[in-house]
Enquirer: 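Let me give you the structure first, and then I'll get to my questions.
Just the heavy atoms: all of them, side chains too, but no hydrogens, waters or symmetry mates, feed the values below.
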Amino acid sequence: MSPKILFHALLVSLLLGGCAAPPFQPAPLGALHPANPRARESAPATRPAPLADDELTARSRQQLAAAGREQQEWEKSGPTGNAPTEAPTHPNHAP
């Protein structure tokens with residue numbers, strides 16, 4: 001028998017044998033397995049207490065609060081006479 005015929009005969013027998021085999025049945029999941037739809041939900045994790053504010057955090061919050069107050073004052077005053085009416089242009093891209 002030629003190797004080509006032998007190869008094809010082996011291929012056909014493996015394909016037919018695969019079709020005749022029963023389908024794969026995975027083992028059932030245990031009650032504690034997380035993928036089991038009937039598994040109980042775990043208890044919620046407790047969060048650790050947040051860290052105390054350090055000097056840098058306190059300074060950052062002060063700066064943000066000051067910037068917020070400045071923004072509110074600016075919004076209250078509205079447009080001023082010296083505000084540009086158009087967006088400033090880049091010096092290299094003069095109209």
Side-chain angles (χ1 to χ4, degrees):
M1 229 196 250
S2 74
K4 196 174 195 180
I5 294 175
L6 182 62
F7 172 74
H8 284 93
L10 181 62
L11 182 66
V12 168
S13 65
L14 286 174
L15 287 174
L16 290 175
C19 292
F24 174 71
Q25 295 291 329
L29 300 174
L32 299 178
H33 195 281
N36 186 347
R38 295 186 182 151
R40 290 187 353 186
E41 195 172 314
S42 65
T46 58
R47 291 181 157 191
L51 300 176
D53 291 346
D54 60 350
E55 183 182 328
L56 181 61
T57 304
R59 235 182 326 154
S60 299
R61 288 188 177 156
Q62 288 174 352
Q63 290 175 350
L64 288 171
R69 286 190 299 272
E70 184 179 322
Q71 179 69 25
Q72 287 176 349
E73 290 174 15
W74 184 84
E75 289 174 356
K76 285 180 192 174
S77 66
T80 60
N82 60 2
T85 56
E86 295 181 6
T89 59
H90 192 274
N92 295 339
H93 299 93

Enquirer: To the nearest 0.5 Å, what is the distance between CZ on Arg38 and CG on Leu29?
Expert: 11.0 Å

Enquirer: Using a cut-off of 6.0 Å, state whether more than 12 heavy atoms not belonging to Leu14 lie near its atom CG.
Expert: yes

Enquirer: For Glu70, look at atom CD and say whether over 12 heavy atoms of other residues, nucleotides or ligands are found less than 6.0 Å away.
Expert: no

Enquirer: Do any pairs count as a side-chain hydrogen bond (donor to acceptor under 3.5 Å, both in side chains) and have a residue in residues 56-68, sequence neighbours left out, and if so which ones?
Expert: Asp53-Arg61, Asp54-Thr57

Enquirer: In chain order, what residues pass the side chain to side chain donor-acceptor pair (under 3.5 Å) check against Glu55, with sequence neighbours excluded?
Expert: none

Enquirer: From Leu10 CG over to Leu15 CG, what is the distance, rounded to the nearest 0.5 angstrom?
Expert: 9.5 Å

